Amino acid sequence: MAGKQFPSLAHARPASPRGLLAGASLLLLVLLAASYFLLLSPSSPGLASPSSGSAADTAFLISLDRFLASPRPSSASSAASPGDLDAAIRAEEEARIYGDPGGAWPAAAGPLRVYVYEMPSKFTYDLLRLFRDSYRETTNLTSNGSPVHRLVEQHSIDYWLWADLIAPESQRLLKNVIRVRRQEEADIFYVPFFTTISYFLLEKQECKALYREALKWVTDQPAWQRSEGRDHVIPVHHPWSFKSVRRFVKKAIWLLPDMDSTGNWYKPGQVYLEKDVILPYVPNVDLCDSKCVSETQSRRSTLLFFRGRLRRNAGGKIRSKLVTELKDAEGIVIEEGTAGAEGKAAAQNGMRK
C-alpha cells in the first residue's frame with residue numbers, strides 16, 4: 001500500500017487516414033519491442049552505453065541515477081497546441097495525403113509520430129527523484145514480502161519508454177517511432193506521468209490529490225478534448241495505480257500489466273483488448289547476455305517453465321486450468337513461486353534450462 005515513511009512532494013478528432021486505432025496498436029507493439037532492447041542495451045541519455053558490457057549497467061536503479069544526473073532535455077523546441085488545432089491537423093494530413101512538395105511529411109506511410117507531453121516536474125522528474133532518494137531507506141514490505149522499490153522497478157516500463165522517447169534522436173533505439181514537436185503532426189500523444197511511483201511513495205490523500213491534478217492537466221489539453229483521449233497513451237502499469245480517477249480516462253490507451261477486467265483490478269468497460277496493451281513486468285532475474293546464452297544453450301532440457309503464483313486474483317481461473325492441463329506433461333515444469341533471493345535464484349535457473 002502507499003508508503004507513509006517517505007517525504008512529500010513540496011470534440012472528437014476525425015480519424016486519420018492511417019487509422020487511429022490501428023496506429024495506436026502498432027505503435028504500442030513497437031514500443032513494447034523497444035522496451036526489451038532498452039533493458040538489454042540502453043543508450044539513451046543517462047542510460048549506460050552498450051559498449052560498457054556490464055549487466056549491472058542495465059539495472060533500473062543504476063540507469064535512473066545516470067538519467068537524473070544528466071542535463072534535462074530542453075523544452076524550448078516543443079510548441080504548444082495551435083489556436084485552431086483542427087485546421088492545423090487538416091492541413092498537415094492533406095499535405096501528407098496529396099504529397100505537397102513543400103510539406104514536412106511524404107504522402108507514403110512513414111513511422112508513427114508521437115507527441116510527448118512536457119508535464120510539470122511534479123508528475124515526472126520530481127517523482128523519479130523521490131524514488132531515487134527514498135528507495136535505499138525503505139523497510140516496508142508489500143503483501144508478498146517484496147520491498148516497495150522492487151515493486152516500482154517491476155513496473156518501471158513507463159520509465160524505459162519515456163527515457164527513450166525524449167532522448168536526442170541520434171541516441172534513441174526506437175527508430176520506427178519518431179517524436180514530433182508539433183501537436184498537429186502527431187498520430188498519438190504520450191502522457192509521462194509516473195502513476196506507480198506516486199501510488200507507492202506518497203501518502204494516500206496526497207497521492208489522490210496528485211492524481212486529480214494530473215487528470216485536470218491532461219484533460220485540459222486541446223488534443224485530449226478533441227478525441228476524448230482516444231489517441232492518448234497513459235501508463236497504468238500497476239493494478240492499483242491511478243485507480244481513483246480511472247473512470248475519467250477510460251477511452252485512452254492504457255499500458256497494463258494484466259487484463260483482469262473482473263472488477264478486482266480493473267472495472268469492466270475500462271480496459272479491453274481493442275484499445276489497451278499489456279506490457280510484461282520487468283523481470284526479477286539477472287541479465288542473460290550472449291555469453292550466458294552460449295553457456296546455457298547445451299543444458300536446456302525443459303520445454304516450458306513457469307514459477308509464480310498458481311492461484312491469483314479472481315480465483316486465477318485460467319492459470320488454474322493451465323496448471324491442471326500441463327502439470328504432468330513431459331518437459332514442462334510448473335511450480336509455486338517464493339519471494340526473496342532463493343526464489344529469484346530458482347526462477348532464474350529454471351528459465352535458463
Side-chain angles (χ1 to χ4, degrees), residues 1-10 35 38-39 42 44-48 56-73 116-167 190-215 217-218 234-245 255-257 279-284 339 344:
M1 305 302 292
K4 295 185 177 181
Q5 61 186 3
F6 299 99
S8 300
L9 287 174
S35 71
L38 282 168
L39 291 170
S44 300
L47 305 187
D57 290 340
T58 66
F60 170 58
L61 301 178
I62 294 175
S63 172
L64 181 59
D65 277 337
R66 296 189 180 190
F67 178 82
L68 292 175
S70 300
R72 187 180 302 187
V116 182
Y117 280 120
E118 293 185 354
M119 301 182 73
S121 299
K122 67 172 72 175
F123 305 119
T124 55
Y125 287 97
D126 290 357
L127 287 170
L128 290 177
R129 290 192 182 92
L130 176 65
F131 174 74
R132 180 198 60 186
D133 296 343
S134 58
Y135 81 86
R136 295 181 179 87
E137 305 301 327
T138 182
T139 56
N140 62 328
L141 302 178
T142 61
S143 59
N144 67 354
S146 299
V148 163
H149 72 77
R150 178 66 199 122
L151 263 292
V152 172
E153 182 175 356
Q154 182 173 305
H155 296 278
S156 64
I157 200 71
D158 47 7
Y159 163 76
W160 296 104
L161 294 180
W162 184 58
D164 186 67
L165 284 170
I166 67 173
Y190 186 77
V191 180
F193 175 42
F194 290 99
T195 58
T196 298
I197 292 178
S198 51
Y199 173 78
F200 276 110
L201 299 192
L202 299 181
E203 293 278 356
K204 183 176 181 179
Q205 294 307 316
E206 186 181 11
C207 179
K208 287 185 175 181
L210 191 66
Y211 282 171
R212 290 193 295 269
E213 286 188 61
L215 174 70
W217 192 95
V218 171
I234 300 179
V236 191
H237 201 259
H238 189 277
W240 301 329
S241 64
F242 221 41
K243 199 168 186 177
S244 58
V245 297
L255 306 185
L256 302 169
L279 301 183
Y281 301 123
V282 174
N284 184 25
K344 173 181 175 179

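Along the sequence shown, residues are numbered consecutively beginning with 1. Here the structure is a predicted model, which means the values were calculated and not measured.
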If I take atom [atom1] from residue [X] and atom [atom2] from residue [Y], how far apart are they, to the nearest 0.5 angstrom?
{"X": "Tyr117", "Y": "Phe123", "atom1": "OH", "atom2": "CZ", "value": "13.5 Å"}
{"X": "Lys122", "Y": "Ser198", "atom1": "NZ", "atom2": "OG", "value": "12.5 Å"}
{"X": "Ile157", "Y": "Leu255", "atom1": "CD1", "atom2": "CG", "value": "8.5 Å"}
{"X": "Lys208", "Y": "Leu215", "atom1": "NZ", "atom2": "CG", "value": "14.0 Å"}

Tell me the closest heavy-atom pair linking [X] and [Y], and the distance in Å.
{"X": "Val191", "Y": "Pro235", "answer": "O-CD, 3.1 Å"}
{"X": "Ser241", "Y": "Val236", "answer": "O-CG1, 3.4 Å"}
{"X": "Thr124", "Y": "Met119", "answer": "OG1-O, 4.1 Å"}

Handout entry: Minimum side-chain heavy-atom gap Leu64-Leu128 below 4.5 Å
Key =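 When only atoms from C-beta onward are counted, Leu128 and Leu64 do touch, with a gap below 4.5 Å.
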Practice task
Find out whether His155 and Pro239 are in side-chain contact, i.e. whether some heavy atom of one side chain is under 4.5 Å from a heavy atom of the other.
Solution key: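 Yes; the side chains approach each other to less than 4.5 Å.
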Problem - Among Phe67, Phe194, Tyr125, the one residue meeting ring pair (Phe, Tyr, Trp, His ring centres under 6.0 Å) with Tyr159 - result: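 That would be Phe67.
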Determine whether a donor-acceptor pair (N or O, by modelled atom type, separation under 3.5 Å) exists between the side chain of [X] and the backbone of [Y].
{"X": "His237", "Y": "Leu279", "result": "yes"}
{"X": "Tyr190", "Y": "Leu161", "result": "no"}
{"X": "Tyr211", "Y": "Thr195", "result": "yes"}

Exercise for the section: Determine whether the aromatic ring centres of Phe193 and Phe242 lie less than 6.0 Å apart. Expected result: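 Distance test on ring centres: under 6.0 Å, yes.
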Practice task
Identify which one of Leu201, Leu210, Val152 satisfies the side chain to side chain contact (heavy atoms under 4.5 Å, CB included) criterion when paired with Leu127.
Solution key: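 One option only clears the test, and that one is Leu210.
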Problem - Geometric class of the Tyr199/His238 ring pair [parallel <30°, tilted 30-60°, perpendicular >60°] - result: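 His238 vs Tyr199 ring planes: parallel.
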